Number of protein chains: 2
Amino acid sequence: MAVTIIDVAKRAGTSTAVVSYVFNDGPRGVSDDARRRVLAAAAELGYRPNRIARALRASHSGFIGVISPDSSNPYFAQLDRALIAAIGARGATPLISHPGPAGMTDEQALRSLLGAQIDGLVMVPWEGRTLEADLTQSSTPIVFAHHRPDGARGPFVPADDEHAVELAFRHLREQHGHERIGFWAGPDDRGPAGRRLETWRSLTAEGDEPHRSGYSRAAARDVMVGLDRSALEPAIIAATDEQAIGLLAAAHIRGIRVPDELAIVSLDGTSGTDCTVPALSVVRQPVEEMAERAVAALIDGTVDRVETRGSLVTRESCGCTPAGGETTPAGAASV
Amino acid sequence: MAVTIIDVAKRAGTSTAVVSYVFNDGPRGVSDDARRRVLAAAAELGYRPNRIARALRASHSGFIGVISPDSSNPYFAQLDRALIAAIGARGATPLISHPGPAGMTDEQALRSLLGAQIDGLVMVPWEGRTLEADLTQSSTPIVFAHHRPDGARGPFVPADDEHAVELAFRHLREQHGHERIGFWAGPDDRGPAGRRLETWRSLTAEGDEPHRSGYSRAAARDVMVGLDRSALEPAIIAATDEQAIGLLAAAHIRGIRVPDELAIVSLDGTSGTDCTVPALSVVRQPVEEMAERAVAALIDGTVDRVETRGSLVTRESCGCTPAGGETTPAGAASV
DNA sequence: TTGTACGCGTTATCAT
DNA sequence: ATGATAACGCGTACAA
């Protein structure tokens with residue numbers, strides 16, 4: 001049986017209230033003598049406050065829920081870990097759920113977490129998914145990160161989509177003189193990837209169509225391996241790192257030289273992109289900052305409307321630097 | 001204020017016990033009529049059982065703790081997600097904590113989780129770390145995955161270390177005729193990476209020394225970029241994928257052709273390795289299986305002593321297949 | 001079927 | 001000021 005507050009009180013020769021006051025620094029003072037005895041007793045017995053009981057009483061738990069796609073995609077993994085770190089840094093405990101094709105639905109995950117008395121929830125929804133209305137009805141505060149489905153309300157910390165594409169596009173055009181700049185899109189056009197695609201459409205010639213594949217490396221690689229050479233622009237912006245890495249693999253398989261014959265810039269900038277062959281030029285999404293803001297919005301009630309900004313990191317794949325180089329052009333973050 | 005079991009009981013004109021029986025399918029039967037009324041009342045009011053209260057009463061919470069390194073390493077990320085999936089598949093909710101240099105210590109993470117009434121804990125410790133004794137004293141069941149520090153007790157689901165190195169070594173020697181096979185090790189020799197290194201030592205000529213770098217891609221890349229060409233064996237086994245990817249990047253920067261001038265096999269086989277340039281030959285660790293077993297050991301009390309076995313996946317970097325190919329040699333899993 | 005004691009920590013209330 | 005007592009939160013399971 002676990003050590004309870006009663007055991008500690010008994011051993012310290014005092015009441016449970018005093019023990020509680022000691023452990024919470026309040027709401028009432030405790031004499032030095034009593035405090036010492038309580039601390040000693042707690043140490044001897046190995047007392048550990050039961051957070052469940054505390055949560056029941058206090059009706060807030062110190063738990064923050066996180067729902068994010070169970071994806072092998074490093075971008076989501078990175079966002080996930082950044083959220084976990086941000087939550088932990090504020091003394092709360094993250095409660096994770098990964099709904100996905102294989103397991104729970106978003107609603108089940110939500111229900112499960114809401115029942116756990118979480119103080120708040122950070123939701124990173126699957127792109128394109130919509131959510132049932134009862135989500136928004138909950139009194140538990142929810143913030144969305146990366147994507148907010150149509151119709152859902154609540155604070156939203158988006159990735160940098162529009163501006164990032166502009167950055168990449170202008171770099172390829174102005175620094176490298178590319179006139180035809182293609183876009184490698186996902187299978188559908190909802191969510192952030194859709195916004196990225198739309199921005200590209202607004203910048204390129206009317207009638208230009210993007211390439212499309214699933215979001216995995218292998219999917220992008222396989223599509224590009226089967227592509228007619230003439231269909232390939234001399235420069236391509238990839239909606240995600242995963243796809244860009246797949247394109248690199250396909251270029252290697254087909255003997256297409258990057259960046260000489262094909263320049264590539266990608267739009268996530270996860271940490272893996274600096275050691276690809278050749279190293280990828282990217283617009284780096286400020287994932288840690290996004291996580292920090294999402295958690296701040298939740299805990300402090302900060303409604304932060306300032307959008308995050310990606311920054312251009314030029315390496316070899318756009319043609320900027322030789323193998324091994326990396327630069328972050330001054331002022332690149334502002335377009 | 002949230003809807004409680006009392007509200008539902010009142011509205012259904014019954015007692016709280018009956019409501020509880022309905023929601024838990026027991027431990028006692030309920031008449032169809034009463035069940036209907038309870039369900040109707042619950043639906044109307046939007047009742048959601050409070051897991052915290054349930055946990056307090058039942059003294060088991062449905063929470064499973066996971067402590068794993070807050071690493072950007074995809075191997076740990078993959079293990080992490082596999083654990084989360086395995087826990088979710090059994091109807092439990094994972095409670096994650098990522099101690100690390102920046103944030104909590106292992107002990108703090110542990111304390112935080114133990115206070116949350118978790119039913120069990122899967123621990124993926126930092127290699128080389130030791131744990132305070134009070135960990136093992138806890139009545140909460142703990143299983144270790146990937147690594148178990150010296151002196152710690154409890155079920156342990158290791159990665160395939162010894163056998164994986166043998167597999168890689170024999171493949172390079174017997175299929176490719178390499179006589180000098182180097183090893184790329186981590187900065188220290190504790191934990192799984194150390195076991196991998198030891199196995200290599202037992203297979204190679206006396207006196208051969210491994211290369212060393214940190215575990216990150218960039219660390220391995222930078223060390224290899226600075227390495228004297230004569231110090232490089234024609235074939236190298238990398239302790240981890242991350243290091244192998246760094247070696248690929250370094251080979252590209254220095255113009256060393258893989259696999260012609262340098263063959264590489266790596267020992268994690270995370271999903272990223274199939275789209276590197278060139279694609280990495282690996283011994284794939286059965287991460288999902290490890291996660292499944294760890295959770296089974298925890299929930300079912302299964303003490304599974306059968307070790308997991310990695311399997312060889314040969315791609316381009318060892319010289320087996322041309323760009324784009326991949327094979328899993330029959331019987332490769334048994335050495 | 002119903003009533004209710006129980007689990008554990010918090011805090012309002014009473015006592016000193 | 002400081003300490004002690006007890007009600008409370010909510011679901012569970014035993015006694016009635």
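By convention in this document, chain letters (A, B, ...) are assigned in the order of the sequence lines, proteins followed by strands, and residues within each chain are numbered from 1. Computed from a predicted structure; not experimentally measured. Only heavy atoms go into these numbers, but all of them, side chains included; no hydrogens, no water, no symmetry mates.
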To the nearest angstrom, how far is [X] atom [atom1] from [N] atom [atom2]?
{"X": "B/Gln117", "N": "D/dC10", "atom1": "CD", "atom2": "C1'", "answer": "15 Å"}
{"X": "A/Asn50", "N": "D/dC10", "atom1": "CG", "atom2": "C1'", "answer": "14 Å"}
{"X": "B/Arg54", "N": "C/dC8", "atom1": "CZ", "atom2": "C1'", "answer": "18 Å"}
{"X": "B/Asp7", "N": "D/dG9", "atom1": "CG", "atom2": "P", "answer": "11 Å"}
{"X": "B/Ile52", "N": "D/dT12", "atom1": "CD1", "atom2": "P", "answer": "13 Å"}
{"X": "B/Ile6", "N": "C/dT2", "atom1": "CD1", "atom2": "P", "answer": "15 Å"}
{"X": "A/Lys10", "N": "D/dT5", "atom1": "NZ", "atom2": "C1'", "answer": "15 Å"}
{"X": "A/Ile5", "N": "C/dG9", "atom1": "CD1", "atom2": "C1'", "answer": "5 Å"}

Listed pairs under 3.5 Å, donor-acceptor, residues 36-46 of chain A side chains, sequence neighbours left out:
{"unit_1": "A/Arg37", "atom_1": "NE", "unit_2": "A/Ala12", "atom_2": "O", "d": "2.8"}
{"unit_1": "A/Arg37", "atom_1": "NH1", "unit_2": "A/Asp33", "atom_2": "OD2", "d": "2.7"}
{"unit_1": "A/Arg37", "atom_1": "NH2", "unit_2": "A/Ala12", "atom_2": "O", "d": "3.3"}
{"unit_1": "A/Glu44", "atom_1": "OE1", "unit_2": "A/Arg11", "atom_2": "NE", "d": "2.9"}
{"unit_1": "A/Glu44", "atom_1": "OE1", "unit_2": "A/Arg11", "atom_2": "NH2", "d": "2.3"}

Does the side chain of B/Thr14 get closer than 4.0 angstrom to OP1 or OP2 of C/dT2 through an N or O atom?
-> yes
Check the pair A/Val295 / A/Ile64 against side chain to side chain contact (heavy atoms under 4.5 Å, CB included), numbers first and verdict last.
-> CA-CA 9 Å; A/Val295 174; A/Ile64 299 281; 5.9 Å; no
Touch class at under 4.0 angstrom, heavy-atom based, for A/Ala34 against every strand present = sugar-phosphate
Heavy atoms under 4.0 Å, any strand shown: does A/Val30 hit a base, just sugar-phosphate, or nothing?
-> sugar-phosphate
So, [X] and [Y], do they make that salt bridge, N to O below 4.0 Å?
{"X": "B/Asp150", "Y": "B/Arg190", "result": "no"}
{"X": "A/Arg90", "Y": "A/Asp300", "result": "yes"}
{"X": "B/Arg293", "Y": "B/Glu288", "result": "no"}

Side-chain donor/acceptor of A/Ser61 to backbone N/O of A/Gln117, under 3.5 Å = yes
Would you say the side-chain atoms of B/Asp160 and B/Thr308 include a donor-acceptor pair closer than 3.5 Å?
-> no
Taken to the nearest 0.5 Å, the spacing of A/His146 NE2 from A/Gln285 CD works out to 8.5 Å
Got A/Phe144 and A/Pro125 here, is their nearest side-chain heavy-atom distance under 4.5 Å?
-> yes
Based on Watson-Crick and G-U pairs with both distances under 3.5 Å, what dot-bracket line describes DNA chain D 5' to 3', crossing pairs as [ ] and inter-strand pairs as |?
-> ||||||||||||||||
Let me know, please, whether B/Val19 or B/Leu56 comes out on the 5' side of the other along DNA chain D by nearest nucleotide.
-> B/Leu56
Report all interatomic pairs (protein N or O, nucleotide N or O of nucleotides 11-14 of chain C) with separations under 3.5 Å.
{"unit_1": "C/dA12", "atom_1": "N6", "unit_2": "A/Tyr21", "atom_2": "OH", "d": "3.1"}
{"unit_1": "C/dT13", "atom_1": "O4", "unit_2": "A/Arg28", "atom_2": "NH1", "d": "3.0"}

